[in-house]
Amino acid sequence: MVVQSSVQVGIVGKPNVGKSTFFAAATMIDVKIAPYPFTTIEPNVGIGYVRIPCVCRDLGVKDNPRNSVCIDGNRFIPVELIDVAGLVPGAWQGRGLGNQFLDHLRRAPVLIHVVDMAGATDEEGRLTKPGSHDPLIDIEFLSNEVTMWMVQMLTKDWDKLVRLVEYAKKPLLEVLYERFSGLGITQAQISDSLGKLGLDKKPLSRWGEDDIKGFVSMLRELSKPMVIAANKMDIPEAEDNYKRVVKEVGGKYRIIPTSADYELALRRAAKANLIKYVPGDDDFEIISQNLTRAQRDALEKIRDFMHKWGGTGVIKALNTAVFDVLGMIAIYPVADERRYTDTEGNVLPDVVLLPRDATVLDLARVIHSEIAERAVTGIDAVSGRRLGVNSKLWHRAVIKIFISRA
Ligand SMILES: Nc1nc2c(ncn2[C@@H]2O[C@H](COP(=O)(O)OP(=O)(O)OP(=O)(O)O)[C@@H](O)[C@H]2O)c(=O)[nH]1
Ligand SMILES: [Mg+2]
């Protein structure tokens, strides 16, 4: 059995900023990319990868990955990417393509907001002179759109909600939790948001618009955190904007400089055996003898960019979303703790992504569908140490799960 984990990352932004280019580069799936708004209408869903240093090097073994890929000692772990239509200001009220498609992002616990850092598109995504639109406006409006989408979800029959809490005496937490069900929001995130704003003590019937918006925007920050992909950094006008944006909102968001365009070019060149490129590296090697002068020049321009910014940023944006913002850890489950193999002898076959507070039991649940808590223990395959059912796991741990039949 190949173990699958299923972290979803939503790709959002106004039209024409490079969402589909980012998606295509990260997944190598051919999708429609064009220099005008609303190229994407139906969402694209595909598998992208986050990258970690593989433990195969530390352990001195040659691995046989099955649910993931290992290239030169780097393990690429699959995550699900969702590329949706562009959002324009007022989408929550139905402008542009509206916000129905945000429903496709329901299960995504983290979003990558692709921003045109070159300011080469206006607020609706139409091409303008580079440097003429302020990307700070885009950052502001997008979080507001997502917030308003959630506000609508909450307030669509507000009176009924109030009656449920104040007359039928249903606990507020439960009512709110049900209302946002399907958004992957936890009760803890709801109660945190309520508590921080002192709304847990305020009767629902007395909540004003500001209370509702304040509560939802806090809940959005906790439940749909955003990483900013500062895209189109290859356009000269982008650099000043980038510096300014980092200064203004760098404390609030993680901002990763990217060129989705360059990443896509590199992956295509690698696929065509023109270059050797490990996604996420800050360099590549030309391996074809038959490049034209123009191809060589284009590649050298990309290389300069990569040296300056530490790569194209696409893998970095995904890694930041999954490891830094969601705080996930990558675990290698094995069946044989001495040889690090599955039951068929594959060395370090799988990697699963789990929340940072995951325990031996959580890992057991991913691997086996039905298990009894008391029957589970683990072994740290690297040290041979035994782990109890509630022992916390750690990033890049190699773990054998034991299930004793009662
Ligand atoms: N210079 C530059 N152009 C880019 C970059 N990424 C995307 N583009 C270009 O921007 C235009 C829009 O790209 P798409 O990927 O279709 O944008 P989108 O955000 O999916 O657009 P919609 O689907 O219409 O919302 C295309 O012409 C891309 O080639 C980048 O990093 N640098
Ligand atoms: Mg698109």
Side-chain angles (χ1 to χ4, degrees), residues 9-46 48 81-89 91 95-102 104-105 111-133 135 138-139 141-142 145-146 226 228-239 241-242 245 255-269 279 298-299 301-306 308-318:
V9 179
I11 302 173
V12 297
K14 75 177 183 187
N16 217 3
V17 293
K19 298 181 296 300
S20 295
T21 309
F22 187 106
F23 174 89
T27 61
M28 279 304 277
I29 295 175
D30 271 324
V31 292
K32 227 172 141 193
I33 295 170
Y36 46 77
F38 301 124
T39 302
T40 307
I41 295 176
E42 289 303 315
N44 300 304
V45 180
L81 300 189
I82 309 157
D83 162 39
V84 298
L87 268 176
V88 295
R95 288 200 61 238
L97 296 178
N99 64 3
Q100 294 311 307
F101 60 85
L102 280 178
H104 299 290
L105 300 175
L111 306 176
I112 291 181
H113 179 189
V114 181
V115 175
D116 171 1
M117 205 47 70
T121 41
D122 71 11
E123 60 179 9
E124 316 251 313
R126 290 175 293 246
L127 290 176
T128 57
K129 198 164 114 345
S132 66
H133 180 77
D138 298 346
I139 294 171
F141 110 83
L142 194 105
E145 289 300 323
V146 179
M226 281 186 210
I228 293 180
N231 198 36
K232 305 194 186 178
M233 284 301 291
D234 52 285
I235 298 177
E237 282 77 2
E239 189 164 349
N241 278 334
Y242 171 73
V245 165
I255 306 170
I256 314 297
T258 62
S259 174
D261 215 22
Y262 282 179
E263 178 72 12
L264 186 57
L266 290 175
R267 298 240 189 156
R268 285 182 173 156
L299 284 170
K301 208 171 142 198
I302 295 179
R303 198 195 304 275
D304 289 344
F305 178 94
M306 295 167 85
K308 177 165 182 183
W309 297 102
T312 70
V314 168
I315 292 276
K316 204 180 274 176
L318 288 167

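Values below: all heavy atoms of this structure, side chains included; hydrogens, waters and symmetry mates excluded. A quick note: this is a predicted structure, and the numbers were derived from the prediction, not measured. Both counts, for ligands and for their atoms, begin at 1 and track the order of listing.
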* Asked: Just wondering, do V17 and F22 contact through their side chains at under 4.5 Å, heavy atoms?
  -> no
| task | With the side chain counted from C-beta on, respond yes when V84 and L105 share a heavy-atom pair under 4.5 Å apart, and no when they do not. | result | yes
Checking heavy-atom distances from atom 1 (N) of ligand 1 to each of D234, I11, V31, T39, the winner is D234
In this structure, CG of L264 is separated from OG1 of T312 (nearest 0.5 Å) by 10.0 Å
The protein heavy atom nearest to atom 19 (O) of ligand 1 is K19 NZ, 2.7 Å
Per-atom filter on ligand 1: closer than 4.0 angstrom to a heavy atom of S259 are 31 (O)
Here the atoms of ligand 1 under 4.0 Å from any heavy atom belonging to F38 are 22 (P), 24 (O)
Open item on the list: When you compare ligand 1 with K32, is there at least one nitrogen or oxygen pair between them that comes in under 3.5 angstrom?
Closed with: no
So for A34, does at least one of its heavy atoms come nearer than 4.0 angstrom to any atom of ligand 1? yes
OG1 of T258 to CG of D234, rounded to nearest 0.5 Å, is 9.0 Å
For atom 29 (O) of ligand 1, the closest protein heavy atom turns out to be D261 OD1, 3.8 Å
A student comparing A238, G125, G18, A120 should find that the heavy atom closest to atom 17 (O) of ligand 1 comes from G18
If we number the atoms of ligand 1 from 1 as shown, the ones under 4.0 Å from a heavy atom of Y36 are 24 (O)
Restricting to heavy atoms, the pick from M233, K232, E263 nearest atom 10 (O) of ligand 1 would be K232
Any N/O of A85 closer than 3.5 Å to an N/O of ligand 1? no
Near the Mg ion (ligand 2), meaning under 2.8 Å, the protein N/O/S atoms are S20 OG, T40 OG1
- Query: So, Y262 versus W309, ring centres under 6.0 angstrom or not?
  - Reply: no
(Q) Could you tell me if the side chain of H104 sits less than 4.5 Å from the side chain of V45, heavy atoms only? (A) no
Does any non-hydrogen side-chain atom of P279 lie less than 4.5 Å from one of R267?
-> yes
min-distance protein heavy atom vs atom 6 (N) of ligand 1 -> N231 ND2, 3.2 Å
CG (L142) and CG (L111) are apart, to the nearest 0.5 Å, by 8.0 Å
>> Taking distance alone, with N or O pairs closer than 3.5 Å, would you say P37 contacts ligand 1?
In response: no
query: Would M226 and V146 count as a side chain to side chain contact (heavy atoms under 4.5 Å, CB included) if you check the C-alpha gap in whole Å, the side-chain angles of each, and the deciding distance to 0.1 Å?
result: CA-CA 11 Å; M226 281 186 210; V146 179; 4.2 Å; yes
The atoms of ligand 1 lying under 4.0 Å from a heavy atom of G86, numbered in the order shown, are 25 (O)
Under 3.5 Å donor-acceptor pairs involving side-chain atoms of residues 32-43, not counting sequence neighbours:
unit_1	atom_1	unit_2	atom_2	d
T39	OG1	Y36	O	2.9
T40	OG1	S20	OG	2.7

Counting heavy atoms under 4.0 Å, the part of I235 that contacts ligand 1 is side chain
Polar contacts were defined as any N/O atom of the residue lying under 3.5 Å from an N/O atom of the ligand; does this apply to N16 and ligand 1?
yes
Per-atom filter on ligand 1: closer than 4.0 angstrom to a heavy atom of P15 are 25 (O)
### Query
Hey, does D83 come in under 3.5 Å of ligand 1, counting only N/O atoms on both sides?
no
| field | Carboxylate-amine/guanidinium contact K19 D83, below 4.0 Å | value | no
Given the options D122, D138, D116, T128, H133 meets side chain to side chain donor-acceptor pair (under 3.5 Å) only with D138
Going by distance only, is there an N or O of V84 that falls short of 3.5 Å from an N or O of ligand 1? no
CG (D261) and CG (L266) are apart, to the nearest 0.5 Å, by 10.0 Å
Tell me, with the steps shown, if L81 and L318 meet side chain to side chain contact (heavy atoms under 4.5 Å, CB included).
CA-CA 10 Å; L81 300 189; L318 288 167; 3.5 Å; yes
So NZ of K316 and CD of E263: to nearest 0.5 Å the spacing works out to 11.5 Å
Residue, atom and distance of the protein heavy atom nearest atom 15 (O) of ligand 1 read T21 OG1, 2.6 Å
Test your reading of the model: is there a side-chain donor-acceptor pair from K14 to the backbone of T121, 3.5 Å cut-off? yes
One should read off an interatomic distance between M233 CE and K308 NZ, to the nearest 0.5 angstrom, of 7.0 Å
*F22 to ligand 1, any heavy atom closer than 4.0 Å*: no
Near S20 (heavy-atom distance under 4.0 Å), the atoms of ligand 1 are 15 (O), 18 (P), 20 (O)
